[in-house]
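The first residue of the sequence shown is numbered 1, and numbering continues consecutively from there.
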Amino acid sequence: QVQLVESGGGLVQAGGSLRLSCAASGRTFSTYSTGWFRQAPGKEREFVAAISWGGESTYYADSVKGRFTISRDNTKNTLYLQMNSLKPEDAAVYYCAAGRVPSGVRNEYDYWGQGTPVTVSS
């Protein structure tokens with residue numbers, strides 16, 4: 001069992017940066033691949049980035065590639081998402097998730113956080 005709690009969301013101007021964190025409870029966090037998804041009002045939840053359990057492999061949605069960086073610190077049971085050059089279309093509630101593989105598919109993840117909102121002003 002893994003419990004996930006996101007933090008770090010907020011209001012930022014376009015072009016600015018934010019770093020999201022996802023704190024995990026449970027001793028097995030390091031055995032799970034993890035990812036970030038986001039959901040804007042009226043839209044489906046979409047994949048943002050994923051990272052393998054050891055951090056060796058990372059994957060990104062085309063829309064964030066080159067601007068966002070996913071990372072994790074298994075000694076701290078924490079997942080991160082560094083978001084740079086933010087655009088108004090990045091505004092959404094951001095969710096972290098844990099699963100067996102670093103996938104872009106929602107159904108591959110077993111555990112989800114409650115989400116943290118990101119607002120980007122133009």
Considering all heavy atoms of both residues, which atom of [X] and which atom of [Y] are nearest to each other, and what is their separation?
{"X": "T119", "Y": "A91", "answer": "CA-CB, 4.2 Å"}
{"X": "D73", "Y": "Y80", "answer": "CB-CE1, 4.1 Å"}
{"X": "R38", "Y": "A92", "answer": "CB-CB, 3.8 Å"}
{"X": "S33", "Y": "V101", "answer": "CB-C, 3.4 Å"}
{"X": "Q114", "Y": "L4", "answer": "OE1-O, 3.7 Å"}
{"X": "V48", "Y": "F68", "answer": "CG1-CD2, 3.8 Å"}

Atom pair [atom1]/[atom2] of [X] and [Y] - distance to nearest 0.5 Å:
{"X": "S71", "Y": "Q82", "atom1": "OG", "atom2": "CD", "result": "8.0 Å"}
{"X": "I70", "Y": "I51", "atom1": "CD1", "atom2": "CD1", "result": "5.5 Å"}
{"X": "K87", "Y": "S85", "atom1": "NZ", "atom2": "OG", "result": "8.0 Å"}
{"X": "E6", "Y": "C96", "atom1": "CD", "atom2": "SG", "result": "3.5 Å"}
{"X": "N84", "Y": "L18", "atom1": "CG", "atom2": "CG", "result": "9.5 Å"}
{"X": "S121", "Y": "L86", "atom1": "OG", "atom2": "CG", "result": "10.0 Å"}

So for atom CD, which belongs to E46, do other residues, nucleotides or ligands contribute more than 12 heavy atoms lying within a distance under 6.0 Å?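 Yes, enclosed.
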Got more than 12 heavy atoms from elsewhere within 6.0 Å of NZ, K43?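 Atom NZ in K43 is not packed in, count stays at 12 or less.
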Practice prompt. Please check if the distance between the ring centroids of Y32 and Y111 is under 6.0 Å.
Written response: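 Y32 vs Y111: aromatic centres under 6.0 Å.
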### Query
When the aromatic ring centroids of F37 and W112 are compared, is their separation below 6.0 Å?
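Between W112 and F37, which both carry aromatic rings, the centre distance is below 6.0 Å.
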Side chain of S57, backbone of S52: donor and acceptor closer than 3.5 Å?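 It does not hold such a pair.
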* Give a yes or no answer on whether the side chain of W53 reaches the backbone of P102 with a donor-acceptor pair at less than 3.5 Å. =>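 Such a contact is absent between W53 side chain and P102 backbone.
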Are [X] and [Y] close enough that some pair of their side-chain heavy atoms sits under 4.5 Å apart?
{"X": "F47", "Y": "Y59", "result": "yes"}
{"X": "R100", "Y": "D110", "result": "yes"}
{"X": "M83", "Y": "Y94", "result": "yes"}

Next item on the list: With V118 as reference, evaluate D90, L81, L20, V93 under the side-chain contact (heavy atoms from CB on, under 4.5 Å) test and give the passing residue.
Entry: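 Among D90, L81, L20, V93, the one meeting side-chain contact (heavy atoms from CB on, under 4.5 Å) with V118 is L20.
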Original post:
Does R45 make a cation-pi contact with Y95, if we ask for NZ or CZ under 6.0 Å from the ring centre and within 45° of the axis?
Top reply: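 Yes, a cation-pi geometry.
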Within 45° cone and under 6.0 Å: R72 NZ/CZ vs F29 ring: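 Yes, cation above the ring, under 6.0 Å and within 45°.
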